[in-house]
Amino acid sequence: MARIKYFQALQNAIQSEMERDENVVLFGEDVGESGGIFSQTRGLYKQFGSCRVRDTPIAENGFVSAAVGAAMTGLRPIVEVGFEDFLTACMDPLVNQAAKLRFMLGGQVTVPMVVYTFGGGGLNAGPQHSQSFVSWFSQVPGLKVVLPATPADVFSMTKAAVRDDNPVIVLLSKKLIGSSGEVDTDKNNFDIDLESAYVTDHGDDVTLVAFGAMVTAAIEARSKLAEIGCNAEVVNGCCANPYDIATIKTSVKKTGRLAVVHEAHLPCGPGAEIIASLVEEDTSIFKLPPIRITPPFAPSPFAPNLEREYLPSGESIFRSVSSMLNRHS
Amino acid sequence: MARIKYFQALQNAIQSEMERDENVVLFGEDVGESGGIFSQTRGLYKQFGSCRVRDTPIAENGFVSAAVGAAMTGLRPIVEVGFEDFLTACMDPLVNQAAKLRFMLGGQVTVPMVVYTFGGGGLNAGPQHSQSFVSWFSQVPGLKVVLPATPADVFSMTKAAVRDDNPVIVLLSKKLIGSSGEVDTDKNNFDIDLESAYVTDHGDDVTLVAFGAMVTAAIEARSKLAEIGCNAEVVNGCCANPYDIATIKTSVKKTGRLAVVHEAHLPCGPGAEIIASLVEEDTSIFKLPPIRITPPFAPSPFAPNLEREYLPSGESIFRSVSSMLNRHS
Amino acid sequence: MCPDIDDNSILAKKLYHNMLLIRGFETAAAKQYRDGNMPGFIHLSLGQEACAVGACLALKKEDYITSTHRGHGHCLAKGADPKLMMAELFGKSDGYCKGRGGSMHIADPSVGVLGANGIVGQSLPLAVGAALTAQVKGNSSVALAFFGEGASGAGVVHEAMNMAALWSLPVVFFCEANRYAELSPYETHCPIDKISQRAASYGFPGVTVNGEDVIEVYRETEKAVVRARNGKGPTLVEAKTMRWGGHYEGDPQKYKSAAELENPQSFDPVAFFEKNYSADYGISASDIRKTYARTEKIIKDAVIFAEKSSLSPSKNIFNDVYAP
Amino acid sequence: MCPDIDDNSILAKKLYHNMLLIRGFETAAAKQYRDGNMPGFIHLSLGQEACAVGACLALKKEDYITSTHRGHGHCLAKGADPKLMMAELFGKSDGYCKGRGGSMHIADPSVGVLGANGIVGQSLPLAVGAALTAQVKGNSSVALAFFGEGASGAGVVHEAMNMAALWSLPVVFFCEANRYAELSPYETHCPIDKISQRAASYGFPGVTVNGEDVIEVYRETEKAVVRARNGKGPTLVEAKTMRWGGHYEGDPQKYKSAAELENPQSFDPVAFFEKNYSADYGISASDIRKTYARTEKIIKDAVIFAEKSSLSPSKNIFNDVYAP
Ligand SMILES: Cc1ncc(C[n+]2csc(CCOP(=O)(O)OP(=O)(O)O)c2C)c(N)n1
Ligand SMILES: Cc1ncc(C[n+]2csc(CCOP(=O)(O)OP(=O)(O)O)c2C)c(N)n1
Ligand SMILES: [Mg+2]
Ligand SMILES: [Mg+2]
């Protein structure tokens, strides 16, 4: 076990997978000699050389599609798209190529590739550098999508993603880049699958399902709720294609109350999917109306005071959940 | 009133808006002299000339972004992206530019533009030419999204979209291109707003909310359901940003039963949003668990027998709804 | 390295044979389509046979191609099985894609066909990726991407060429400038006469060839392939060719002039070969007849195979969405 | 049409003044950023002043520019108000974007600034759209798009240039090749020495200028603007320039050599002007001192204005998401 940072967990995971399998290559903007704009690829160029670690030109469509072509022919590319906002530039290779090729070509190929990116708000990066597009990818059969919330998540999910024979999108959180946590970096048997949510903190009164950076916020809210005698269970949603409804259902069956927290917008977001999936199976699962806690339906504003209000936080989750409980007690 | 086809309604709407306002221009691949691959722009080049009606090169990113630049400076561009599947190529101008510019520039600009496209299945066009990305755009503040289900819808929604001062995406259905309907093409006061669903057929037993081509299928299912004594209410969802939850709620309050039908995939689709929105307000609104009727979570297959099974149809909606009713009676 | 074409009549015969194979396949497909046996859309390459054949015979089996919506010829020329192709066009279970892909998605990785593709422009970066694999693995494979002059306006084409140049990848970009993109002519898409001039933007060679002349296509592509195989990086080869028919089968082609519609066969790579090369390569009238017969038989068998193949069962729809 | 520069000392003085204004603005912004008064990221254009100024003074007020993440200089040169810009960088309610956009989204349509933009490459098609408006409306406006050599690898740049050529639009593509894109050098992005060569791919003129020399930048851009205004279509102007600092303020610049880090000011358009042109244009040492003082005062006022401006109220977050 070691205490490392979120971005180091990424670097460690890539490094150990590249050591393990020489077909793993890494490319993206500034991932090479410079070591990445957040130092997330530091040392990899030196260790693995210019053939396996490459700086690309600014051509997300082209280099993600090249990753698909490489994956079809025997490499296992890891590709960085620096900001999640720039996935808008490579939707075609992700959705029309990577996700579909295996099915569309009758099973003749596999497309083992990983695209990781830093998304969400918290750094006052403004409307074009703070977005969360997670639910777009929930809509796409053939893709897997994960959202690591801790350095340990980053490490294990990235490694599992590299080993997966499908295209996997790893949606990292910009806000968490410098956060620390315990990671067992020596561990090498990746029995975790990419499709499991997990409970971070147990409780009986209300279930908080959160994704990515919102997990930390939910855990903060849990502490505050404890002060008013509410014992919340926090579920780290982890994956958004597929959603681990089973784990969430187990919790909601117990608590009867649900708040889903995410940085993606409300309409057709992860919260909608989770609530609909639960009620479809059992209309009486909710003792109280479930709630979704998300940014307001506006682009992400730049100014710190505005962004602070905009993003769900421990405080705002606490407020929303306690008013949900009060309204109905 | 005239009986015209779906694609003609589009042509008529564009034509009359171009006659009304000389700032309206049209561009896209093959919309010019050739009149469009579905004849959807026939005659416009001749009537309005090569300055206002232009064939673009194959450059969806570039020409949609050019539409944004034109809209910011005083034109009202209508842009065709032939197949909805190719919107993957212009997500950046739609999401990072058109949708955000007004907000992001502090209200200094408006971006009045329309992007229309033909989506969904039914023509055995295969996995890269049959998709429905509607819920991606439900996630994007600043956009409006409509899905015309009839020639009358096409006519009024397109005209209203052109007059709207926001970027509007009109998701047309490939399958309906040749379908006919009554349209009041002389009507010119477009009091309709772009945010209203409407009931096509009244009923008390179950609410079928459908979008685009699925409205026809739902109406078919309604006839079959009538044969087994079930009186279904069909709601044409019409818009997917925003969703008209009020109209849907009125119906579900009455029937207590809901099936949502769409061509978009299930996870985080319109059905999820509608169900979550309703249950959030009132956990007892559903007498029976609501259902979502969508294609299976796989890419759209080419072969007719496969695509027939894949897409929701009058028959499959009937089966799903009747088994929903049976399971619980 | 491929043998020199000048005194290689075996190769010349193969070029000719393959052109006839494509001619036969496309003609049969057109008929089957008109007869209602083929669903969806098909895009034929009649008139462009010399491009597919000249380019692909400059490649080895271990080399890759990526193709477009107009890909039948490319796939056949690279060695795909006409039976499995035809079955796919019919939407049958024995088709290359089990009926899931159709005409625009024919692929056979076992002979280096990484797939036709319905998204204009994507053939280039996909080939760049395959070339990257070859470079990283240090084997001598080359990737060749087919694309049209319409595709040349797509941004991803520029991105792919730029990346290939920067990384000196073993890739050949092969543009079939067939006068139209969908319903609009070359001039709608390209502000310059020769797309091959764009190679200068990336510092690699570009050449324009006569797409009616399969020997010329072969010779220039072969140079590009050798260059790529020797680690010298990409080349852009542009072939001026002609799409005999419409964009898709059934296209009324109202956008074409009467002259164009009347006699598309004025541009005919098969006839061109017969006229200009058959004597040189010692191909007799009887050889020609035999080649016609042989390719006709192959295509006939392919149609029979496709007809007999069963429909894909819809219960398998979840197969291959995800790899296990 | 813009006046000839050779005997126009008023214009020369304005060029000089505006360079100093940018120099002052960026220097103040850097300080405010380091002092923690500016949130988010800022990308400075110190060293590149001659590009923004030379290009924008070749334009009229009715002309448009589109800019990039490194846009302060462009906006100032085109006439945006330093006060409202600085307030935006502070995230205040009086900023151009009411604090919603920040450094990467400064815009002032009233003087033709259609906005800085955080998406690399999009400045070009947005300018193409503005040029389209001018062409359709038949007025004489021209649009100029700034972009970097890094952006030149983006597909949309190719799409925009191709479209502008095909439609003969009144647009100027202005590339600031400042040696780096983020953390990687020119060679990572461009396989050729001069980006201006790419104009040949579209059949319009391309020229490379010395980005240290504001007069040369002005003169060549002016030719391009006149060409565009006369309906002759686009031009690509590339200025070889230099980014003094890091990609963003605070960038540790580990990727630069010691030599580069030591003396970025070896490339200095302001000093270049003073040395080579001040005498020609009759600009005395006292004029120079006065210009420094005047621009310093403007910037100081801008900072005070920004400091005094209030925060944007978050209750207004739904304003301007949709037009009424
Ligand atoms: C990204 C994208 N945009 C548009 C289309 C629609 N489309 C299919 S083929 C075609 C024309 C292609 O022209 P060209 O590249 O010259 O190939 P050709 O059909 O002549 O072989 C177009 C526009 C598409 N398939 N993909
Ligand atoms: C589509 C997209 N990809 C990546 C980025 C991240 N990014 C911001 S600036 C930059 C480098 C741009 O280099 P250049 O065009 O040379 O401009 P400069 O910073 O040198 O002014 C990159 C990669 C982005 N903003 N947009
Ligand atoms: Mg063509
Ligand atoms: Mg640069």
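Numbers restart at 1 for each chain; the letters A, B, ... are given by sequence-line order, proteins then strands.
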Using the six-membered ring wherever Trp is involved, compare the ring planes of [X] and [Y] and label them parallel, tilted or perpendicular (cut-offs 30° and 60°).
X	Y	value
A:F83	A:F86	tilted
A:F133	A:W136	parallel
C:H247	C:H43	tilted

Find the distance between [atom1] ([X]) and [atom2] ([Y]) and round it off to the nearest 0.5 Å.
X	Y	atom1	atom2	result
C:C97	A:R102	SG	CZ	13.0 Å
C:F90	C:S309	CZ	OG	10.0 Å
A:C51	C:W167	SG	CH2	10.0 Å

Count the heavy-atom pairs under 4.5 Å between each of [options] and chain C, then report the option with the highest count.
options	answer
A:S65, A:A67, A:P112, A:A59	A:S65
A:P57, A:G106, A:A99	A:G106
A:Q97, A:R52, A:M72, A:E22	A:Q97

Under 4.5 Å from a heavy atom of chain A, the part of [X] involved:
X	result
C:L84	neither
C:L166	side chain
C:Q135	both
C:A107	both
C:L124	neither
C:Y64	side chain

With a 4.5 angstrom heavy-atom cut-off, which part of [X] approaches chain C: side chain, backbone, both or neither?
X	result
A:T110	side chain
A:N23	side chain
A:V68	both
A:F63	both
A:N61	both

For chain A, find which of [options] contributes the most heavy-atom pairs closer than 4.5 angstrom.
options	value
C:G95, C:G115, C:P109	C:P109
C:R100, C:H158, C:K98	C:R100
C:V136, C:V128, C:N316, C:I317	C:V136
C:N319, C:N117, C:N162	C:N117

Looking at [Y] and [X], is any side-chain nitrogen of the basic one under 4.0 Å from a carboxylate oxygen of the acidic one?
X	Y	value
C:K78	C:D108	no
C:K83	C:D301	no
A:D165	A:R76	yes

With ring centroids as reference points, do A:F38 and A:F118 lie under 6.0 angstrom apart?
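Yes, the ring of A:F38 comes within the 6.0 Å limit of the ring of A:F118, centre to centre.
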Apply the side-chain contact (heavy atoms from CB on, under 4.5 Å) test between A:L172 and each candidate in A:V154, A:L147, A:V146; give the one that qualifies.
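Going through the options one by one, the only one that passes is A:V154.
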